[in-house]
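Only heavy atoms go into these numbers, but all of them, side chains included; no hydrogens, no water, no symmetry mates. Protein chains get the first letters and strands the later ones, always in sequence-line order, with residue 1 at the start of each.
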2 protein chains.
Amino acid sequence: MNVRLMNSNEKIAAVFASTLKLIQTNGFHGTPMSKIAQESDVAIGTIYHYFPSKDDLIFALFKHCRALLNDYIFDGIKDDFSYKDSFFHVWRNFVKFYLENGHVFSFFEQFFSSPYYEKNKAEIQEPVGGQNKVVDFLQEGIDRKILKQVNVHLLVASYIGVALSTVHSIKFKDLSFSERNMEELIGIIWDGAINREKNN
Amino acid sequence: MNVRLMNSNEKIAAVFASTLKLIQTNGFHGTPMSKIAQESDVAIGTIYHYFPSKDDLIFALFKHCRALLNDYIFDGIKDDFSYKDSFFHVWRNFVKFYLENGHVFSFFEQFFSSPYYEKNKAEIQEPVGGQNKVVDFLQEGIDRKILKQVNVHLLVASYIGVALSTVHSIKFKDLSFSERNMEELIGIIWDGAINREKNN
DNA sequence: TGCAACCGAATGAACGTTCGATTGATGAAT
DNA sequence: ATTCATCAATCGAACGTTCATTCGGTTGCA
């Protein structure tokens, strides 16, 4: 393909997009560099010009996707939102992001369950997508006595775990998903998480 | 190694055990047949005598582990258990199984997030470990108006999702886990799942 | 004697990565 | 205004390695 139809940024974007697409369909190891090059119309040599190895490419792609997720989930929170409003809003965004970006979901699922992640977790720090901000947000609810007085990581596991599990079910099973389902689910989490001593 | 130190069943068991161990450490594709043979003291040719391909081996291993899980989680339920007792008991068993069998957890995580699973899901039917019985169990709670009157799959996603996410956090983060944590978590799920119109 | 279980060196395909050659933009020198 | 040197960007054939799988031969029970 003609060299000048893409500049550097476009090439990298094309490589990222092709990699996500191929990984969703063929999995991590069913996605050779040769196919990424073919699919993205970027020569293998050029990919290696930007990423020293396949591992580096995957790692960079992960950081790219995590940034997208982080930007997305806390977007649209208004000043007049109550804590409960935000609790609902962020969770809905979380699910919506993964539903709208199924290839990112596939990539994250594979990434986080691979020894890849385990071996670099010290460097990654911020585990399952955007959790640091989520941890802070849920800790705020605990401090304000709105949520149960438990270890924040238990609440995070519930909040995120239900979202991931739901998206997985929608994707792999025949769970058709409606706005009503979403409200029922976030209701389950809220009812489970709130501090009944002080609340509602 | 001397042929007669293992019979067929022992060989297959050794192959399964080695495969699980290697996959936990090196991942699905960092586990070549040659290493499985080496680690299990069973010749490559012999492995291929029992399993036509690596895929068949993985598939058989999956079914084997799923059966173990199914046997485990509904074990120990007494006749005098209330529905709530069983709800708690099964969930605790679920978490305990994965904590005691970390290699199975790793294997399942990778298996379920691989295109492997996606491509064979019709044949696998019973998705994330032991869910069919879990579905029936939660449906019973809905029918008896103990649990919220929602799509059972939403409750399954919550019930299982929190368990998986918790085990993942324990495994990959520094979430040390106590009996008290376990009780707090199952409390969160129960509070979220119960039908407040009719209950407690 | 026959047959299933067993063995592991050999095979061929697929993969990550390298590297020498080519292109095109930039700016200094003329 | 034109030439030229430089260097980053680009390319893909070729290399060496690794892997799943095969197959011809061996073992030992019935």
Side-chain angles (χ1 to χ4, degrees), chain A residues 1-62 107 110-111 114-116 119-120, chain B residues 1-62 107 110-111 114-116 119-120:
Chain A
M1 168 176 242
N2 188 308
V3 173
R4 287 301 114 190
L5 290 182
M6 285 194 269
N7 65 29
S8 310
N9 290 340
E10 286 168 345
K11 273 181 206 291
I12 292 175
V15 168
F16 277 172
S18 300
T19 305
L20 278 179
K21 180 180 168 185
L22 288 167
I23 284 179
Q24 178 171 31
T25 315
N26 310 311
F28 220 66
H29 294 271
T31 302
M33 294 297 268
S34 57
K35 284 213 186 92
I36 295 174
Q38 197 178 3
E39 172 87 21
S40 62
D41 264 325
V42 175
I44 283 202
T46 306
I47 298 178
Y48 275 91
H49 179 72
Y50 290 105
F51 307 102
S53 70
K54 189 182 179 184
D55 279 10
D56 285 280
L57 166 60
I58 298 295
F59 206 78
L61 178 56
F62 165 71
F107 174 62
Q110 292 184 54
F111 183 84
S114 69
Y116 219 115
K119 265 154 193 158
N120 296 301
Chain B
M1 171 177 242
N2 190 308
V3 172
R4 289 300 112 188
L5 289 183
M6 288 193 267
N7 66 28
S8 310
N9 290 340
E10 286 168 342
K11 274 182 207 288
I12 292 175
V15 168
F16 277 171
S18 301
T19 306
L20 278 179
K21 179 180 169 186
L22 288 166
I23 284 179
Q24 178 171 30
T25 316
N26 310 312
F28 222 66
H29 294 271
T31 302
M33 294 297 267
S34 57
K35 283 212 187 94
I36 294 174
Q38 197 177 4
E39 171 87 21
S40 61
D41 263 326
V42 175
I44 283 202
T46 306
I47 297 178
Y48 275 91
H49 179 72
Y50 290 106
F51 307 102
S53 69
K54 186 179 182 186
D55 279 11
D56 285 280
L57 166 60
I58 300 295
F59 206 77
L61 178 56
F62 165 70
F107 174 61
Q110 291 184 55
F111 184 84
S114 70
Y116 218 113
K119 264 152 194 162
N120 295 301

TODO: For A/F28, enumerate each residue passing the ring-ring contact (aromatic ring centres under 6.0 Å, His included) test, keeping only those at least two apart in sequence or located in another chain.
DONE: A/Y116
Would you mind reading off the distance between [X] atom [atom1] and [N] atom [atom2], rounded to a whole angstrom?
X	N	atom1	atom2	result
A/I47	D/dA9	CD1	P	15 Å
B/Y116	D/dA20	OH	C1'	12 Å
B/N9	C/dA5	CG	C1'	13 Å
B/L22	D/dC19	CG	P	12 Å
A/H29	D/dA20	NE2	C1'	15 Å
A/F28	C/dA14	CZ	P	21 Å
A/Q38	D/dC11	CD	P	14 Å
B/D56	D/dA20	CG	C1'	13 Å

Given [options], identify the nucleotide with an atom nearest to the side chain of [X].
X	options	value
A/Y50	D/dC11, D/dT10, C/dC6	D/dT10
A/H49	D/dC19, D/dT10, C/dC6	D/dT10
B/P32	C/dG8, D/dC19, D/dC11	D/dC19

TODO: Measure from the side-chain N and O atoms of B/Q24 to the backbone N and O of B/K21, and report whether any donor-acceptor pair falls under 3.5 Å.
DONE: no
Open item on the list: Side chains of B/F107 and B/I58, heavy atoms from C-beta outward: is any pair under 4.5 Å?
Closed with: yes
Task: Validation row: A/P115, B/N26 side chains within 4.5 angstrom (heavy atoms) - done: no
Open item on the list: Under 4.0 Å from OP1 or OP2 of C/dA5: is there any side-chain N or O of B/T46 that close?
Closed with: no
Open item on the list: Once rounded to the nearest 0.5 Å, what's the spacing between atom CG of A/L57 and atom NZ of A/K54?
Closed with: 8.5 Å
Task: Interatomic distance, A/H49 atom NE2 to A/I44 atom CD1 [nearest 0.5 angstrom] - done: 15.5 Å
TODO: Determine the interplanar angle of the B/F62 and B/F111 rings, folded into 0 to 90°, and report it as parallel if under 30°, tilted if 30 to 60°, perpendicular if over 60°.
DONE: parallel
Enumerate the protein-to-nucleotides 21-24 of chain D contacts in which both atoms are nitrogen or oxygen and the separation is below 3.5 Å.
unit_1: D/dT21; atom_1: OP2; unit_2: B/Y48; atom_2: OH; d: 2.8
unit_1: D/dT21; atom_1: OP2; unit_2: B/K54; atom_2: N; d: 2.7

